[in-house]
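These figures come from a predicted structure and were not determined experimentally. To find a chain, count down the sequence lines: A is the first, B the second, and so on, and within it residues start at 1.
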Amino acid sequence: MSSHTFQAPTGTRDFYPADAALRRFIIESWRSAAIRHGFEEVDGPTFEHLDLYTVKSGEGIVSELFSFTRVGGEKTYALRPEFTPTLARLYAAKANALPRPTKWFCTPTFFRAEKPQRGRLREFLQWNVDLLGDPSPAADAEVIAACVTLFESLGFTPADLRVKVNHRAALANWFVSRGIPESEHAKLLVLLDQRAKMPAGEFAAKLALYNFTAEQAEVFKKGIIRVTLPERAGEVQVMGQTVERGMLGPAAGSDAFDLSFFSEAVQPLALEFAAAGVLDWVDFDLSIVRGLAYYTGMVFEVHEATGAERAVAGGGRYDNLVELFGGPPTPAVGMGMGDVVLSLVMKDKGLLPDAGRLMELSGQRPDVFVVSNGSPEAEARVRPTVAALRRLGLHARHTYKATRNVGKLLKEAGDARARYAVIIENSESAQLKDLTGGEQRAVRLDELTAGYPTIMQGRGA
RNA sequence: GUGGCCAUAGCUCAGUUGGCAGAGCACGAGGUUGUGAUCCUCGGGGUCGCGGGUUCAAGUCCCGUUGGUCACCCCA
């Protein structure tokens with residue numbers, strides 16, 4: 001590379017005004033959704049001791065981290081690749097003083113030393129929502145409800161995004177019921193997680209090693225099952241086909257659709273999703289495994305409805321993790337959502353606000369744009385008027401162009417999405433024009449600079 | 001970390017068998033209609049990602065490198 005050219009490091013992004021406005025909009029959307037659901041904002045350091053990450057994930061994780069030692073120092077640090085260890089550390093340190101449940105969220109930057117590809121960068125934002133101290137399915141539903149609130153606020157519908165829910169314990173119970181020892185469960189979960197990456201025949205053959213039939217392999221491959229609510233309790237549908245309770249037991253002969261364990265674990269969740277008003281967004285999906293890591297109960301991922309793009313969000317219940325980081329035994333459920341895939345899906349669905357709208361949504365819309373009619377007398381009043389309006393707390397702008405053509409300057413004001421234009425006529429009077437509606441009226445300059453908000457009857461106009 | 005494809009103006013791209021670096025949009029200046037439009041004229045801008053090589057001559061062909069992108073690995 002030549003010495004006079006610098007590029008941003010691999011997998012990082014530059015944020016020009018339009019990009020920064022989008023980022024601000026996404027962060028504010030995240031914050032708003034979390035706060036509406038009663039979560040409180042927290043944060044931690046951008047880097048932690050490397051040990052904090054190897055405790056949970058093993059030494060293998062190190063190659064995925066940006067880690068470093070200070071020159072002359074001995075301690076090894078790592079830029080944070082996720083928030084959960086920090087969250088557990090924060091919670092463990094003050095567990096006795098914290099309310100139950102504790103509901104926290106954050107929207108920080110994370111770093112992973114992976115090769116970038118679509119939807120995955122080395123520096124990104126991630127919204128984390130966690131609810132600690134409540135083991136109930138209602139807590140699971142609360143986290144997902146915050147997620148759904150976000151989607152709704154961005155303009156998504158259940159036809160755009162699906163929340164795919166599974167239950168670790170249900171799968172484990174089912175495996176046990178089929179005589180599969182617990183020592184084999186991890187390998188089996190990995191196999192299920194990889195189902196999409198191999199031909200159906202190969203997948204079925206590998207499942208057969210665990211005594212699953214080809215029919216059951218098909219069920220796993222398709223994933224989605226429908227769990228009905230209590231008025232029809234006892235019914236389970238597989239791939240749209242209703243299966244009677246009597247058919248579910250292995251004794252019934254056809255145990256291809258023996259999903260009773262799954263059904264029992266998931267029915268309480270379904271009730272809570274219904275109570276939270278998010279059931280329309282949810283599919284119960286046997287194929288969602290979420291790596292292995294630390295999940296102990298409900299797990300979920302949010303995907304674009306047709307399977308385009310990577311997962312928009314993911315999470316689940318991790319009842320043993322706080323203890324692992326030195327805290328008291330604490331049931332917990334949480335989720336993470338990155339800005340990269342979210343932005344891609346918003347773009348795919350045509351839900352990205354245009355540049356002007358983003359400036360407005362990110363709090364950068366000018367209140368007033370001050371121009372003169374071109375006379376020297378009026379021109380002299382532009383800067384003092386702008387200064388006075390700014391002193392009143394308003395976002396006031398003026399042109400930097402050489403032209404004094406009123407039409408061109410009003411176009412500039414309109415392009416900037418200013419709410420009002422002030423056209424100064426002489427040292428005493430001006431026209432005040434509402435750029436939204438187009439009406440304008442004469443005002444005295446001294447009156448304007450003394451009480452613009454009053455004249456406008458508030459800024460919301 | 002492995003492999004495929006890609007790289008020309010701020011953006012989207014054109015550039016012929018190797019022969020003077022281009023368009024639209026955007027940006028800036030001026031003009032016209034004293035009020036956001038339309039229109040007209042002009043202008044700034046690119047070591048063709050970077051470095052080598054072949055050639056009289058390279059944006060174009062070859063090698064390397066950096067970055068992007070897609071798939072694999074991984075996905076906390």
Side-chain angles (χ1 to χ4, degrees), chain A residues 1-14 16-19 48 52-58 60-65 78-88 110-122 124 126 128 190 193-194 196-198 289-295 299 301 309-311 313-316 318 321 324-325 334-336 338 340-341 344 355-356 369 371-375 378 399-425 430-441:
Chain A
M1 184 183 298
S2 75
S3 61
H4 63 275
T5 300
F6 291 98
Q7 295 176 305
T10 299
T12 63
R13 293 171 287 179
D14 295 321
Y16 289 92
D19 312 303
E48 294 268 11
L52 186 72
Y53 300 114
T54 56
V55 160
K56 189 189 81 181
S57 309
I61 198 71
V62 176
S63 65
E64 305 293 336
L65 301 179
L79 296 180
R80 62 182 170 197
E82 60 167 325
F83 193 67
T84 306
T86 299
L87 176 95
F110 295 104
F111 308 86
R112 295 180 185 176
E114 298 175 296
K115 182 159 183 174
Q117 52 191 284
R118 185 176 179 85
R120 296 176 69 177
L121 298 174
R122 289 185 160 187
F124 56 96
Q126 191 179 80
N128 283 258
V190 170
D193 197 29
Q194 294 177 335
K197 295 174 183 171
M198 61 184 81
V289 177
R290 292 293 293 161
L292 287 180
Y294 45 76
Y295 291 111
V299 291
E301 287 179 0
E309 309 294 354
R310 298 170 181 281
Y318 51 97
L321 201 65
L324 181 64
F325 285 95
M335 60 142 287
V340 183
V341 176
L344 287 172
F369 199 102
V371 308
S372 79
N373 67 354
S375 72
T399 190
Y400 291 90
K401 294 181 191 295
T403 183
R404 289 297 172 263
N405 181 302
V406 173
K408 285 188 176 178
L409 295 178
L410 286 180
K411 173 171 162 41
E412 186 184 358
D415 289 345
R417 293 179 80 91
R419 295 171 195 277
Y420 293 95
V422 168
I423 306 160
I424 299 176
E425 296 174 313
Q431 294 292 322
L432 178 62
K433 178 164 185 163
D434 180 338
L435 290 173
T436 308
E439 320 82 54
Q440 77 177 44
R441 62 193 170 94

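What separates CZ of A/Arg404 from C1' of B/G28 is a distance of 15 Å, to the nearest Å. Atom CD in A/Gln117 sits about 17 Å away from atom C1' in B/C6, given to the nearest Å. The distance from atom CZ of A/Arg122 to atom P of B/G67 is 8 Å, rounded to the nearest whole Å. Protein atom CD of A/Glu309 is 15 Å distant from nucleotide atom C1' of B/A71, rounded to whole Å. A/Glu412 has its CD atom 12 Å from the C1' atom of B/C27, to the nearest Å. Rounded to whole Å, atom C1' of B/U66 lies 12 Å from atom NZ of A/Lys115. Computed from coordinates, the A/Tyr420 OH to B/G36 C1' distance equals 16 Å when rounded to whole Å. For the pair A/Phe83 CZ and B/C75 P, the interatomic distance rounds to 22 Å; values are reported in whole Å.
One cannot find a donor-acceptor pair under 3.5 Å joining the base of B/U35 and the side-chain atoms of A/Asn405. The base of B/G36 sits with one of its N or O atoms less than 3.5 Å from a complementary donor or acceptor on the side chain of A/Lys433.
With both ends at atom P, the span from B/A9 to B/A21 equals 15 Å, rounded to whole Å. Comparing B/C50 with B/C6, their C1' atoms are spaced 16 Å from each other, to the whole Å. Look at the C1' atom in both B/G68 and B/A29: the space between them is 36 Å, to the nearest Å. Going from the P atom of B/U65 to that of B/C5 covers 15 Å, rounded to whole Å. Spacing between B/G46 and B/G15 at atom C1', rounded to whole Å, works out to 14 Å. B/A58 sits 12 Å from B/C48 when the P atoms are compared, rounded to a whole Å. Rounded to a whole angstrom, the distance from the C1' atom of B/C56 to that of B/G28 is 42 Å. For the P atoms, the distance linking B/C73 with B/G3 amounts to 16 Å, nearest Å.
When the nucleotides B/G31, B/G36, B/C73 are ranked by their closest atom to the side chain of A/Lys408, B/G31 comes out on top. The side chain of A/Ala402 lies closest to B/A29 when the candidates are B/U35, B/A29, B/C74. Nearest to the side chain of A/Leu410, among B/G3, B/C74, B/U35, sits B/U35. Out of B/U35, B/A71, B/A76, the shortest distance to the side chain of A/Arg310 is found at B/A71. The listed nucleotides are B/U35, B/A76, B/G67; the one nearest the side chain of A/Val406 is B/U35. The side chain of A/Thr10 has B/G67 as its nearest neighbour among B/A76, B/G36, B/G67. Distance from the side chain of A/Tyr294 is smallest to B/A76 among B/A76, B/C72, B/U69. Candidate nucleotides B/C75, B/G34, B/G36 were compared by shortest atom distance to the side chain of A/Arg120, and B/C75 ranks first. For A/Arg118, the side-chain atoms get nearest to B/C70 when compared with the rest of B/U69, B/C70, B/A76.
Within the nucleic acid shown, A/Asn373 comes within 4.0 Å of at least one base atom, counting heavy atoms only. Heavy atoms of A/Leu65 sit under 4.0 angstrom from at least one base atom. Counting any heavy atom pair closer than 4.0 Å across all strands shown, A/Gln440 reaches a base atom. Nucleic acid contact for A/Thr84: none, since no nucleic acid atom lies under 4.0 Å from a heavy atom of the residue. Contact annotation for A/Gly438: base contact, defined as any heavy-atom pair under 4.0 Å involving a base atom. Among the heavy atoms of the strands lying under 4.0 Å from A/Ile423 is at least one base atom, whether or not backbone atoms are also near.
Using a 4.5 Å heavy-atom threshold, the side chains of A/Gln431 and A/Arg441 count as separate. Annotation: side chain of A/Asp434 is not in contact with side chain of A/Gln440 (no heavy-atom distance under 4.5 Å). Between A/Lys115 and A/Arg120, the closest side-chain pair of non-hydrogen atoms is not below 4.5 Å. Side chains of A/Tyr53 and A/Leu65 form a contact here, defined as non-hydrogen atoms less than 4.5 Å apart.
For the residue pair A/Gln117/A/Arg310, the side-chain donor-acceptor check at 3.5 Å is satisfied. For the residue pair A/Thr403 / A/Asn405, no side-chain donor-acceptor distance below 3.5 Å is found, with atom types taken as modelled.
Under the Watson-Crick and G-U wobble criteria, each requiring two contacts below 3.5 Å, nucleotide B/U54 is left unpaired. Using Watson-Crick or G-U wobble geometry with both donor-acceptor distances under 3.5 Å, B/U41 finds its partner in B/A29. Across every strand in view, B/C72 sits in a pair with B/G1 that passes the Watson-Crick or G-U test at under 3.5 angstrom. Searching all strands for a Watson-Crick or G-U wobble partner of B/G34 with both distances below 3.5 Å returns nothing. In this structure, B/G22 forms a base pair with B/C13, meeting either the Watson-Crick or the G-U wobble geometry with both donor-acceptor distances under 3.5 Å.
Taking 4.0 angstrom as the limit, A/Thr403 places none of its side-chain polar atoms (N or O) nearer than this to OP1 or OP2 of B/A29. The side chain of A/Lys401 places an N or O atom within less than 4.0 Å of a non-bridging phosphate oxygen (OP1 or OP2) of B/G28.
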Under the criterion side chain to side chain contact (heavy atoms under 4.5 Å, CB included), I'd like the reasoning laid out for A/Glu114 against A/Leu121: C-alpha separation, chi angles, the key distance, then a yes or no.
CA-CA 7 Å; A/Glu114 298 175 296; A/Leu121 298 174; over 6 Å; no

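A donor-acceptor pair under 3.5 Å is absent between the side-chain atoms of A/Arg419 and the main chain of A/Leu435, judged by distance alone.
Taking the six-membered ring where tryptophan is involved, the planes of A/Tyr295 and A/Tyr318 are perpendicular, since the angle between them exceeds 60° and thus also 30°.
Between A/Gly11 and A/Ala113, it is A/Gly11 whose nearest contact on RNA chain B lies nearer the 5' terminus. Nearer the 5' end of RNA chain B, as judged by each residue's closest nucleotide, is the contact made by A/Thr12, out of A/Thr12 and A/Glu114.
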